[in-house]
Amino acid sequence: MNLPMNPFFWVMALVPVLFLLITIMKFGWGVARAAPAGMVLALGTAVLFYRSSPVALLYESGKGIWNAVTILLVVWPAVFSYELTCQSRGFDAIRRGVQDLTRHELLQILILGWIFPSFLQGITGFGVAVAVGAPLLLSIGVNPLYSIIIVLLCHSWGATFGTLALAWEALAEQSGVAGGEAARAAFLAAAMIWFSNFVGVCLSCWFYGRWKALKEIAPVAVLLTLMTGGGELLLAPVNATISNFLPSAAALFATFLLCRIPHYQRSWRLEGSPIIKEQKEAASGQTPMTFHEAFLPYYVLTLVTVICLLIPPVNRLLGQWRLGFAFPETVTGFGYVTGAEHMFSPMKPLTYAGTFLALSAGISGICYCRKGYLDGSGVRAAALRTAKKCISPTIAITCFIIMSRFMGSSGQIHVLSQGIVSVLGRYYVLAAPFLGILGTFITSSNMSANILLGNFQMTAATFLGIRPAVTLALQTAGGVLGTAFSPGCVLMGISTTGMAGAEGEILRRIVPVAAGCGAVFGIVAFLFLI
């Protein structure tokens with residue numbers, strides 16, 4: 001391999017990334033507009049400067065499209081399931097159910113702003129948790145601005161292992177990490193994410209009532225962060241797919257038990273809380289749907305996931321069917337080799353997250369129609385909204401993945417990694433989480449950031465001579481922090497609460513928190529992990 005290692009080639013490799021930064025942050029382009037242009041730039045750089053052949057890039061396009069398909073088969077059913085619940089007014093029933101469970105105002109806020117959004121993040125992702133949680137908080141009297149901020153801070157911990165570990169799988173796929181090193185990376189990432197989870201919850205309580213609120217809710221906050229963050233830490237190295245979903249589901253169930261404790265059944269609220277605007281009365285003409293009927297999609301998803309993934313004989317039987325494609329080895333003009341794949345990124349359809357989501361959406365949709373909560377026109381309306389919401393992510397995800405494949409196979413990521421590491425040396429570890437934060441802010445998705453930078457972080461670790469688990473964990477833990485203020489999630493909250501123009505205020509409240517946590521991650525990794 002004779003890849004040129006000089007400033008000119010570093011800059012050329014950086015051009016597609018700089019283009020995304022400038023167009024999205026400076027000129028306000030959406031990711032669906034910026035991603036295709038960035039992909040074309042990466043293609044041009046690969047051909048003109050890195051001597052990639054058109055045939056090799058055609059193969060990489062095929063790999064990218066297949067990776068995108070496996071991701072989009074999760075995105076579309078997840079959003080459709082959410083839209084069905086909205087169309088049937090199921091979230092009204094969920095809100096009423098929580099208010100019936102407890103009259104403790106701060107506990108209500110944590111249930112609707114943390115526990116339930118975390119549960120949704122464990123299943124759906126892609127801003128759905130914010131779109132649902134923020135208006136639910138608004139409906140019980142939380143100030144619109146803080147209804148968005150609380151959900152953004154408290155749901156983001158699920159941005160790596162949530163959505164049935166879609167972002168983690170993307171990171172593992174793009175970096176090529178596997179086996180014991182993958183388990184170590186998952187463990188380190190989960191430990192950092194647990195910390196950010198606890199910080200988000202404590203800040204939300206602080207917003208509500210400073211020290212008095214923290215003292216009042218401390219037992220609940222500690223117990224539930226142990227269940228969520230601690231549960232994820234235990235499961236992530238063993239089975240990443242369920243490592244966020246099961247602890248979130250368990251924490252949701254635990255809140256029902258906590259609400260039965262007399263201390264949390266009593267009416268409790270702090271007068272003059274800066275985040276409470278008004279207590280709204282229940283709207284008239286509410287759906288007759290019960291809480292458990294509204295939760296049907298999530299009950300079905302939980303049951304199917306447990307049966308298919310946690311019962312070994314069933315899992316082995318269903319996992320025998322795999323889909324994938326073969327690709328030949330390719331070599332650039334500089335001798336940079338991309339190895340052959342006998343079955344590239346195989347998917348197991350019968351144990352796949354998208355299959356579970358589609359099944360739960362289908363069963364719940366049929367039940368809602370038979371109960372009279374939905375009709376044919378309602379299902380069509382939900383399908384149309386799903387298509388409208390998913391078109392932009394579909395374009396962006398596909399183009400980002402192909403762009404990453406172009407940059408990886410041509411050697412651009414290899415050159416860029418060596419360039420940055422040669423400048424920063426071992427201090428690169430301090431910057432690694434901020435790359436994750438930046439990547440997620442640029443792409444509005446931890447998954448997309450992991451796709452874009454996973455190979456970069458892996459290569460950087462190789463140049464530094466440290467374990468790849470460290471840089472990969474910093475990458476995705478940083479992505480979790482970036483999710484808390486990513487444009488896509490912020491816009492989800494704004495659009496469902498009517499807070500247009502509040503983006504700047506939201507960023508001013510959340511960015512310092514993310515930067516502080518990122519600095520802690522980098523310093524700890526530098527002092528203790530390398």
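Screening residues 454-475 for salt bridge (Lys or Arg N to Asp or Glu O under 4.0 Å), with sequence neighbours left out, gives Glu181-Arg467.
To the nearest 0.5 Å, atom CZ of residue Arg33 and atom CD1 of residue Ile395 are 13.0 Å apart. Residue Ser410 holds its OG atom at 11.5 Å from CG of Leu48, rounded to the nearest 0.5 Å. A distance of 8.0 Å separates OG in Ser445 from CG in Leu166, rounded to the nearest 0.5 Å. Rounding to the nearest 0.5 Å places SG of Cys517 at 5.5 Å from CG of Leu481. How far CG of Asn446 is from CD1 of Ile437: 10.5 Å, rounded to the nearest 0.5 Å. Annotation: the span from Ser243 atom OG to Trp168 atom CH2 amounts to 9.5 Å, rounded to 0.5 Å.
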Checklist entry - ring-ring contact (aromatic ring centres under 6.0 Å, His included) between Phe295 and Phe116: does it pass, once the steps are laid out? => result CA-CA 11 Å; Phe295 238 74; Phe116 184 53; 5.6 Å; yes

Next on the checklist: Before you tell me yes or no, could you show the steps for Leu317 and Val314 under side chain to side chain contact (heavy atoms under 4.5 Å, CB included), namely the whole-Å CA-CA distance, both residues' side-chain angles and the distance that decides it to 0.1 Å?
Outcome noted: CA-CA 5 Å; Leu317 177 64; Val314 176; 5.8 Å; no

Item to check | Stepwise side chain to side chain contact (heavy atoms under 4.5 Å, CB included) test for Asn450 and Leu472 | outcome: CA-CA 9 Å; Asn450 286 346; Leu472 294 177; over 6 Å; no

Item to check | Step-by-step side chain to side chain contact (heavy atoms under 4.5 Å, CB included) determination, Val331 to Tyr336 | outcome: CA-CA 5 Å; Val331 184; Tyr336 190 79; over 6 Å; no

Item to check | Worked check of side chain to side chain contact (heavy atoms under 4.5 Å, CB included) between Ile397 and Met447 | outcome: CA-CA 9 Å; Ile397 287 169; Met447 178 191 66; 3.6 Å; yes

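In plain terms, the two heavy atoms of Phe161 and Ala186 that are nearest each other are CZ-O, 3.8 Å. A pairwise comparison of heavy atoms in Ala294 and Gly90 identifies CB-O, 3.2 Å as the closest pair. Shortest non-hydrogen contact noted between Gly482 and Thr440 is C-CG2, 3.7 Å. Nearest approach of Gly200 to Cys154, heavy atoms of both residues: O-SG, 3.7 Å. A pairwise comparison of heavy atoms in Gly522 and Leu474 identifies N-CD2, 4.4 Å as the closest pair. In this structure, Ile115 and Leu224 approach most closely via the heavy-atom pair CD1-CD1, 3.8 Å.
By the neighbour-count criterion of 12 heavy atoms within 6.0 Å, atom CZ of Phe187 is sparsely surrounded, having that number or fewer from other residues, nucleotides or ligands.
Side-chain contact between Ser61 and Phe406: present, with at least one pair of heavy atoms (C-beta onward) separated by less than 4.5 Å. For the pair Pro297 and Tyr368, the minimum side-chain heavy-atom distance is below 4.5 Å. Looking at Leu296 and Cys367, their side chains come closer than 4.5 Å, going by heavy atoms from C-beta outward. Glu60 places a side-chain heavy atom less than 4.5 Å from the side chain of Thr338. Looking only at side-chain heavy atoms (C-beta outward), Pro16 and Gln412 come within less than 4.5 Å of each other. Contact check for Ile420 versus Tyr428: side-chain heavy atoms found under the 4.5 Å cut-off. Side-chain contact between Glu232 and Trp194: absent, with no pair of heavy atoms (C-beta onward) separated by less than 4.5 Å. The shortest distance between side-chain heavy atoms of Thr225 and Trp114 falls below 4.5 Å.
Checked by atom type and distance alone, the side chain of Thr163 never pairs as donor or acceptor with a backbone atom of Ala159 at under 3.5 Å. Counting only distance, with no hydrogens or angles, the side chain of Ser81 and the backbone of Pro77 share no donor-acceptor pair below 3.5 Å. Side chain of Thr355 to backbone of Pro349: a donor-acceptor contact under 3.5 angstrom is found. The backbone N or O of Leu252 sits less than 3.5 Å from a side-chain atom of Thr255, completing a donor-acceptor pair.
The aromatic ring centres of Tyr50 and His414 sit 6.0 Å or more apart. Phe521 and Phe434 have their aromatic ring centers separated by at least 6.0 angstrom. The ring of Phe441 has its center closer than 6.0 angstrom to the ring center of Phe485. Between Phe344 and Phe325, a ring centre-to-centre spacing not shorter than 6.0 Å is recorded.
Checked by atom type, the side-chain pair Trp157/Thr483 shows no donor-acceptor distance below 3.5 Å. Remark: the Asn315 side chain and the Thr351 side chain contain no N/O donor-acceptor pair separated by less than 3.5 Å. Looking only at atom types and distance, the side chain of Thr476 has a donor-acceptor partner in the side chain of Thr160 under 3.5 Å away. Ser404 and Gln174 form a side-chain donor-acceptor contact under 3.5 Å, judged by distance and modelled atom types alone. There is no side-chain donor-acceptor pair under 3.5 Å between Gln121 and Asn244. A donor-acceptor pair shorter than 3.5 Å cannot be found between the side chains of Tyr373 and Gln87. Glu329 and Tyr59 share no donor-acceptor pair across their side chains, judged by distance under 3.5 Å alone.
Ring geometry for Tyr299 against His292 counts as parallel: the plane angle stays under 30°, on a 0 to 90° scale with 60° as the upper cut.
In this structure, Trp66 has no side chain to side chain donor-acceptor pair (under 3.5 Å) partners at least two apart in sequence or on a different chain.
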